[in-house]
Amino acid sequence: MRKKIVAGNWKMNKTQAEALALASEVVNMVNDEVRGNVGVVLCVPALYLPILQKFTNLAPNVALGAQNCHNLAAGAFTGEISAPMLASMDVPYVLVGHSERRQYFHETNAQLAQKIDMALANGIIPIFCCGESLQQRQANDHFDFVTNQITESTFHLSPQDFGKIVFAYEPIWAIGTGLTASSAQAQEMHAVLRQHIAAKYGEDTADNATILYGGSCNEKNAAELFACPDVDGGLIGGASLKSREFANIIKAMVA
Ligand code: 13P
């Protein structure tokens with residue numbers, strides 16, 4: 001069964017007090033207002049994962065995610081966090097391959113394949129991010145570029161492991177810019193990704209894959225994006241930092 005998920009990516013935002021307030025508000029709103037089958041994932045700064053568990057433990061539909069993990073299990077990598085560490089803190093999700101990690105930390109498809117392996121080996125669900133630049137879209141290279149990201153980072157997996165991954169299509173030109181992909185552009189890419197998955201793993205696996213859209217998704221455009229048949233939810237940046245707006249986006253998924 002395809003899961004519906006709305007995930008918030010807080011990125012490098014919020015002090016401890018702000019993080020506690022935001023998580024508590026989101027959990028209360030979800031518990032009070034959201035009826036229906038949607039999973040909510042809060043991808044918060046790693047430092048706050050343990051202190052936010054007391055809130056997410058109170059909400060069966062809300063889970064925590066890290067924003068990154070290292071591709072190796074342990075070692076001399078100052079400042080890094082490993083998948084076994086996240087697993088030992090009962091963190092169920094991790095973002096892998098966000099475009100900001102690819103751009104600023106030079107993460108490659110091959111390295112991301114290792115991160116996915118490491119997450120899965122530790123029982124953590126990777127939310128694998130992919131997406132093209134404006135230049136690639138203008139050169140009409142976007143389908144090849146994004147399908148290749150998926151091939152190089154995930155097509156080595158067994159069908160069983162592949163079925164555990166969540167995908168997030170985030171066109172780079174739409175992230176933090178206010179320029180959302182139109183619902184037609186999102187649907188078109190999601191359908192292409194699903195066909196690409198079907199060609200490797202078969203129709204059933206493709207049909208069951210959860211593919212989120214991310215990039216300037218907000219409470220005004222969420223309903224239209226989520227109504228697309230191949231869009232199974234969202235990965236929300238800026239709008240996930242405001243509890244009321246984020247809750248409204250979650251409600252748009254189940255409406
Ligand atoms: P914005 O929603 O701020 O555009 O960010 C999207 C994103 O990068 C989520 O991972």
Side-chain angles (χ1 to χ4, degrees), residues 4-14 18-19 22-23 26 38-46 48-49 62-69 91-107 112 115-116 119 124-134 136-137 142 145-146 149-150 153 165-183 185-186 189-190 193 210-226 228 231-253:
K4 292 178 178 178
I5 294 177
V6 176
N9 176 7
W10 292 8
K11 308 191 181 182
M12 194 176 73
N13 290 294
K14 303 290 178 189
E18 291 165 349
L22 177 57
V26 169
V38 58
V40 177
V41 182
L42 302 180
C43 299
V44 304
Y48 302 145
L49 286 164
V62 186
L64 287 172
Q67 297 174 9
N68 180 36
C69 68
V91 176
Y93 289 89
V94 63
L95 295 179
V96 173
H98 192 281
S99 62
E100 288 148 17
R101 303 278 331 162
R102 294 174 188 262
Q103 182 180 352
Y104 302 127
F105 301 93
H106 313 294
E107 296 186 352
L112 298 175
K115 290 191 183 208
I116 286 174
I124 302 172
I125 299 173
I127 302 177
F128 177 70
C129 306
C130 52
E132 82 285 359
S133 67
L134 188 57
Q136 284 154 345
R137 180 165 280 267
H142 48 304
F145 183 78
V146 180
Q149 286 180 319
I150 290 183
S153 295
I165 303 184
V166 173
F167 294 89
Y169 167 59
E170 298 203 303
I172 297 169
W173 48 271
I175 295 177
T177 58
L179 280 179
T180 322
S182 67
S183 53
Q185 286 172 320
M189 179 61 85
H190 283 224
L193 299 184
T210 296
I211 310 179
L212 313 180
Y213 168 79
S216 296
C217 186
N218 59 41
E219 62 188 349
K220 294 201 174 70
N221 58 30
E224 190 184 331
L225 287 160
F226 296 167
C228 298
V231 175
D232 308 309
L235 179 53
I236 320 297
S240 74
L241 300 174
K242 292 169 263 175
S243 54
R244 181 68 269 160
E245 177 155 20
F246 187 55
N248 289 345
I249 294 171
I250 298 164
K251 285 158 81 176
M253 185 70 244

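For ligands, and for the atoms within them, numbers begin at 1 and follow the listed sequence.
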Fill in the blank from the handout: Within the 4.0 Å heavy-atom cut-off, what N9 brings close to ligand 1 is side chain

Check each atom of ligand 1 against the heavy atoms of [X] and keep those under 4.0 Å away; list them by number with element.
X: A174; result: 4 (O)
X: L235; result: 9 (C), 10 (O)
X: E170; result: 6 (C), 7 (C), 8 (O), 9 (C), 10 (O)
X: G215; result: 4 (O), 6 (C)

Using every non-hydrogen atom in the two residues, find where [X] and [Y] come nearest and quote the distance to one decimal.
X: A186; Y: L225; answer: CB-CD2, 4.0 Å
X: M189; Y: H142; answer: CE-O, 3.6 Å
X: I116; Y: P126; answer: CG2-CG, 4.1 Å
X: G176; Y: S216; answer: N-OG, 3.9 Å

What I want to know is whether [X] and ligand 1 share at least one N or O pair that is separated by under 3.5 angstrom.
X: G238; answer: yes
X: S216; answer: yes
X: H98; answer: yes
X: G176; answer: yes

Practice task
Look at ligand 1 and say whether A239 reaches it with a heavy atom at a distance under 4.0 Å.
Solution key: no

Exercise for the section: For A7 and ligand 1, answer yes if some heavy atom of the residue is under 4.0 Å from a ligand atom, otherwise no. Expected result: no

Practice task
Over 60° means perpendicular and under 30° means parallel, so classify the ring planes of H190 and Y213, tilted if in between.
Solution key: tilted

Handout entry: For atom 2 (O) of ligand 1, closest protein heavy-atom neighbour
Key = G237 N, 2.9 Å

Practice task
Can you sort out the partners of I125 under side chain to side chain contact (heavy atoms under 4.5 Å, CB included), two or more places apart, ordered by chain and number?
Solution key: K3, Y93, V166

Exercise for the section: Please tell me if the side chains of I249 and F226 come closer than 4.5 Å, counting only heavy atoms from C-beta onward. Expected result: yes

Side-chain donor-acceptor pairs under 3.5 Å in residues 4-13, sequence neighbours left out?
residue	atom	partner	partner atom	Å
N9	OD1	K11	N	3.0
K11	NZ	E100	OE2	2.8
N13	ND2	W10	O	2.9

